[in-house]
Amino acid sequence: MSLSLIRPTASTSTFRALGLGLGGRGLHTSRALAIRASGIRRDAVVSAEETGGFKYIPGGPILKGTVNDATPQIETSRSHGSYHWAFERVLSAALVPVTVGAAVSTGSAYPIMDGLLAVSLIVHSHIGFDSCRVDYLHPRKFPVIGPVVSWLLKIATGLSVWGVYEFNTNDIGLTELVRKLWTA
């Protein structure tokens, strides 16, 4: 008894008739059909309706708006980021003498120093929160909540500057508030 992969023998037919084979088609026929099916068909024509109106490209269509598209690059100058970095560092370093100057003086005697400290703290906080927003809520990854958080941060910063202005001009000011809380 020899097993033939080209033509079924009586033993393989009996084996399949008893229901012990791999199915209705033997191994020898499925291999030949698989080889024939994997060949390139020169008579295949793809219509525009089958590709959704896009031009057929061998290997698959490249559709706009999918992962096949390259990320568009924003035109910027090389020094754009360095200005932000330098401003953040100068502001952070300037907060130390401004805080010390406001601590040794009174807010009512030096309202400019009090206002400078308050606005510097707000701008410093805005830059920090904006960096967190850029890192964790990028608009490309979060198209709805990213811009919403960006606008909420801008509104909160504007309201904070307005509130500090009102507090410094119509009330005791930031430095006097800290002094009273410290001695309370």
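Please read these numbers as outputs of a predicted model, since none were measured by experiment.
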Atom of [X], atom of [Y] and distance for their closest heavy-atom approach:
X	Y	result
Thr175	Ala102	CG2-O, 3.0 Å
Val164	Ala118	CG1-CB, 3.0 Å
Glu88	Ser131	OE2-OG, 4.5 Å
Asp114	Leu174	OD2-N, 3.0 Å
Tyr136	Phe142	O-CE1, 3.3 Å
Phe87	Val123	CE2-CG1, 4.2 Å

[atom1] of [X]: more than 12 outside heavy atoms within 6.0 angstrom?
X	atom1	answer
Arg89	CZ	yes
Phe167	CZ	yes
His124	NE2	no
Leu152	CG	yes

Shared hydrophobic cluster for [X] and [Y] (ILVMFWY, side-chain gaps under 4.5 Å):
X	Y	answer
Leu95	Met113	yes
Tyr110	Leu117	yes
Val119	Phe129	no
Leu116	Leu121	yes
Ile172	Leu181	yes

Quiz prompt | Residue from Leu153, Leu159, Ile155 passing side chain to side chain contact (heavy atoms under 4.5 Å, CB included) with Thr157 | solution =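 Testing each of Leu153, Leu159, Ile155 against Thr157, the sole residue satisfying side chain to side chain contact (heavy atoms under 4.5 Å, CB included) is Leu153.
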- How long is the span from the CG atom in Asp130 to the NZ atom in Lys154, to the nearest 0.5 Å?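 The CG atom of Asp130 sits 8.0 Å away from the NZ atom of Lys154.
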With rounding to the nearest 0.5 angstrom, report the OG1 to NZ distance, Thr183 to Lys180.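 If I round to the nearest 0.5 Å, the distance is 8.5 Å.
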For Ala156, is there any backbone N or O sitting under 3.5 Å from a side-chain donor or acceptor partner on Ser160?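 At least one qualifying donor-acceptor pair exists.
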Treating Arg179 as the side-chain partner and Ala103 as the backbone partner, does any N or O pair qualify as donor plus acceptor under 3.5 Å?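 Yes; judged by distance alone, with no hydrogens or angles, the pair exists.
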